[in-house]
Amino acid sequence: MLSKNTLQILNIAVLLNFNQIFLEKLLPTTDVYFIDVILPLPLQRLFTYRITEAEAVFLKPGVRVAVPFGKSKIYTGLVAEVHQNAPEAYEAKAIHQILDQNPIVNELQLKLWNWISSYYMCSLGDVYRAAFPSAFLLESETVVLRNNSFTDQTQLTDVEFLIFEALQQQTQLSAIEISGIVNKKNVLPFLKSMLEKGAIVVREEIYEQYKPKLVNYIRLTEKYKGQDALQETLQLVSRAKKQYQALMTYFSLEGETRKPIKVKELQEKAAVSSAVVKSLVDKKVFEVYQIQVDRIHFREAESSLKELSKHQQKAFEEIKNSFETKAVTLLHGVTSSGKTEVYSKLIQEVLDEGKQVLFLLPEIALTTQLINRLKKIFGGKISVYHSKYSMNERVEVWNNVLQSKSKAQIVLGARSSLFLPFDNLGLIIVDEEHEVSYKQFDPAPRYHARDTAILLGHLHGAKTLLGSATPSIESFFNGNKEKYGLVHLKKRYGDVQMPEVQLVDIKEKHRKKRMSGHFSDVLLQQIQEALDAKEQVILFQNRRGFSPVMECETCAVSPQCPNCDVSLTYHKFRKELRCHYCNYRQAVPMACGACGSEKLTTLGFGTEQIELELKELLPAYNIGRMDLDTTRGKYGYQKIIGAFQAQEIDILVGTQMLSKGLDFGNVSLVGVLNADNLLNFPDFRAHERTFQMLVQVAGRSGRSSKRGRVLIQTFNPYHQILQQVSSNSYEEMYQEQLQDRWQFHYPPYYRVMRITLKHRDLIRVDEASEWLGKSLQNAFRENVLGPTAPAVSRVRNLYIKHIVVKIPPKQSLKGTKDHIEKIKKTFQAIPNFRAIRLGIDVDSY
Ligand code: ADP
Ligand code: ZN
Ligand code: ZN
């Protein structure tokens with residue numbers, strides 16, 4: 001054992017960053033020590049490194065170490081275990097450096113990672129890489145830049161200063177390049193320290209800076225303010241009728257409300273042009289000023305917890321009762337029933353117990369409204385964690401959670417926030433639990449955030465609440481089977497009625513020539529009525545399958561992506577063709593590449609097309625568009641949502657993004673341009689998804705007082721799903737889908753797992769997938785489907801094959817996985833298959 005004295009020296013040595021040689025001299029070692037290290041690589045096993053006895057005393061699981069790997073690479077590894085067993089297969093290398101004083105990952109996290117790795121059949125390294133902000137994972141390839149806002153260079157040590165200077169010469173350098181420049185083998189600790197001081201940043205996407213929207217307001221200048229000046233003012237404009245009108249209107253507006261008056265508002269109310277206002281400004285009667293408006297406006301000012309309605313209170317109590325016996329409860333609450341208020345009450349109780357709360361949201365950028373609502377209630381206790389946030393923001397939240405700071409007592413986040421270093425969770429809320437974006441598809445770990453949340457809750461002894469107006473079939477099934485508690489909230493807040501849904505048969509409309517472009521006469525008429533009543537309209541156009549493509553009128557060939565097996569999508573605005581799979585782009589061709597004809601047309605219709613048609617049909621209104629193109633960057637959504645909320649946009653056209661929890665008080669009509677392509681999607685969940693999507697977009701209509709309207713255009717008005725949407729019959733949909741699932745062997749009865757094979761060479765991927773398919777069939781018989789080629793069978797020049805394995809209710813999940821692992825090992829030992837990329841997706845839906 002080490003004496004107390006040596007320990008002290010040791011601590012000081014670590015603090016001063018002394019290297020291990022110094023320590024070794026100080027403490028002659030007799031025993032050998034090793035650590036098992038998790039590397040951020042898709043490798044099945046952990047790697048063992050040699051450490052000194054002194055380091056063995058210091059190192060604990062959860063501490064980062066810089067370690068050499070391969071010929072010249074350096075990675076940030078994480079200590080999983082300290083032990084004394086030398087590896088058998090190789091000679092353990094020594095570590096380079098210890099990077100942390102204290103563990104930055106706790107035991108519960110490591111348990112969670114292990115569960116993810118075994119349940120989702122991926123390596124711990126995959127989980128490790130996904131779990132951390134990349135600034136925590138410095139490696140020899142990491143590229144860093146100077147942080148231009150860093151000024152206090154006195155904070156830097158000599159070596160750090162050298163690096164800082166080098167980054168002035170060359171804007172970006174990799175760790176390995178820096179290592180050459182400063183002539184040090186091991187620069188990660190310097191980079192880590194510089195990151196902490198804020199002197200450098202890790203290269204990542206460049207984030208768009210959001211410029212808050214400035215609205216122009218108008219007021220009287222000092223000179224003309226007050227009663228005395230009134231006469232004088234009116235005198236001044238007595239001969240200019242319009243100006244007089246503007247002034248009188250201003251006075252009446254000022255009398256009506258004490259609120260600032262927008263320039264736009266004055267022009268509208270006084271029915272004068274901007275030129276009139278401008279001349280008054282020129283005369284120095286008025287002045288224009290700006291207020292930095294809160295990024296998001298609210299329908300009403302909120303400050304504290306609201307009083308729950310009778311129905312909400314009942315739901316709240318039922319949830320608490322259910323938590324007495326069940327760890328997981330599903331809240332099935334119709335759109336606009338006020339689920340957020342119920343959540344808030346529960347959150348308050350958990351905060352009062354001093355515990356942490358994790359609030360998961362499907363896509364955080366879309367939920368600024370919700371974030372702001374919660375911020376108003378819980379103020380400084382909320383931290384938001386999301387991959388669109390900058391590295392610094394993410395690192396800050398991580399550290400706040402790690403130190404159990406009160407400002408991170410509630411974390412709102414997308415799926416990756418499951419990985420934060422919580423140590424005392426009391427409640428996890430999974431809002432909109434049915435959302436597909438909770439599932440990570442690529443790369444591994446291919447985990448489902450809802451299911452992982454339930455496990456995380458279990459590890460902490462916390463409760464998990466799933467909430468949705470349209471629960472996933474699996475969750476509702478678990479609720480009905482009493483595996484989860486199930487609570488209903490069937491009334492909208494304020495007893496507003498559910499929107500009235502009308503189905504429009506567009507086959508009929510086409511036949512009778514009652515269509516203008518993609519709009520039926522009924523839809524146009526209702527849009528006009530809503531606009532006349534100064535209400536707003538949302539139009540929904542599904543993204544899937546409706547990407548417009550170019551086609552040659554002569555030979556019907558459409559331009560293809562050179563890297564993927566898919567037609568290029570036409571983007572009218574930029575006049576280019578783009579591949580949505582690999583981002584390839586090219587200018588719109590002048591002539592057909594196949595036959596040379598110059599007659600090219602566009603097929604299909606996207607949101608952009610709808611927007612253009614609308615602009616022609618309703619030129620007097622402001623039309624906004626919300627889709628992938630218009631919402632790039634951290635605040636992309638926020639700008640559009642803010643503008644719609646401020647009623648600067650009359651009609652908002654958008655994709656599925658619109659279905660996600662938005663709350664606008666003034667929307668009285670939601671139009672769905674075509675429901676059919678949702679229904680026709682080749683996936684066992686297509687019907688469930690269609691129902692969810694349509695009910696959710698419908699739920700955006702008529703939320704505050706008046707009953708809203710929803711109009712769905714379709715070629716199949718008698719389709720059972722559309723009927724169920726129009727009568728809002730979730731349970732009927734559920735029962736019917738459940739029968740199909742049973743009959744066709746799908747979840748929740750059977751589990752589904754998908755194996756993907758990829759390679760540049762089609763023949764090789766064919767051969768490999770045949771082999772794998774046969775081996776799996778030997779074990780699992782008729783429960784193996786495929787191999788098949790997916791709809792887009794080549795992406796980024798890799799050919800793709802899928803094999804699906806279904807697991808019957810009574811078959812052991814673990815046994816199945818073990819067997820698949822075995823087959824995989826044999827597969828990977830076949831030389832010809834070694835280069836095939838093999839991905840396994842457990843619960844691949
Ligand atoms: P959901 O998430 O269930 O669709 P929300 O939580 O967005 O519904 O609530 C819908 C609207 O009703 C929001 O504008 C919300 O502020 C309001 N609301 C809900 N419950 C209450 C309450 N108890 N008191 C006041 N307003 C409420
Ligand atoms: Zn052609
Ligand atoms: Zn492509």
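Read the numbers this way: they start at 1 and go in the same order the structure lists the ligands and their atoms.
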Sub-3.5 Å donor-acceptor pair from the side chain of Gln536 to the main-chain atoms of Ile649, do we have one? yes
Is a side-chain N or O of Asp650 found less than 3.5 angstrom from the main chain of Gly624, in a donor-acceptor match? no
Just go through Tyr493, Tyr343, Phe664 and tell me whose heavy atom is the nearest to atom 26 (N) of ligand 1. Tyr493
Among the heavy atoms of Arg373, does any lie under 4.0 Å from an atom of ligand 1? yes
Just checking His759 against Tyr799, ring centres under 6.0 Å apart? no
Give a yes or no on whether Arg707 atom CZ has more than 12 heavy-atom contacts from other residues, nucleotides or ligands under 6.0 Å away. yes
Subset of ligand 1 atoms that lie under 4.0 Å from at least one heavy atom of Val334: 3 (O)
If the cut-off is 4.0 Å to any non-hydrogen atom of Gly338, which atoms of ligand 1 fall inside it? 1 (P), 3 (O), 5 (P), 6 (O), 8 (O), 9 (O), 19 (C)
Do Phe477 and Tyr734 have ring centroids that are under 6.0 Å from one another? no
Side chain, backbone, both or neither: which part of Thr340 comes within less than 4.0 Å of ligand 1 when only heavy atoms are counted? both
In terms of atom number and element, which parts of ligand 1 are under 4.0 angstrom from non-hydrogen atoms of Glu307? 22 (C), 23 (N), 24 (N)
Contact check, Ser337 vs ligand 1, heavy-atom distance below 4.0 Å: yes
Can you tell me if Asp431 has a non-hydrogen atom under 4.0 Å from ligand 1? no
Pick from Lys491, His488, Met498: which one makes a side chain to side chain contact (heavy atoms under 4.5 Å, CB included) with Val334? Met498
Gln348 and Asp352: side chain donor to acceptor below 3.5 Å: yes
Heavy atoms only, cut-off 4.0 Å: how does Lys339 contact ligand 1, side chain, backbone, both, or neither? both
Leu466 side chain reached by Pro471 side chain, heavy atoms, under 4.5 Å: no
Which ligand 1 atoms, with their elements, are less than 4.0 angstrom from a heavy-atom of Ser336? 1 (P), 3 (O), 4 (O), 8 (O), 10 (C)
For Lys314, does the NZ atom sit with more than 12 other heavy atoms under 6.0 Å from it, leaving out its own atoms? no
Glu341 bridged to Arg373 by N-O distance under 4.0 Å: yes
If we number the atoms of ligand 1 from 1 as shown, the ones under 4.0 Å from a heavy atom of Thr335 are 4 (O)
I'd like to verify the contacts: list protein N, O or S atoms under a distance of 2.8 Å from the Zn ion (ligand 3). Cys561 SG, Cys564 SG, Cys579 SG, Cys582 SG
Treating Ser322 as the side-chain partner and Glu318 as the backbone partner, does any N or O pair qualify as donor plus acceptor under 3.5 Å? no
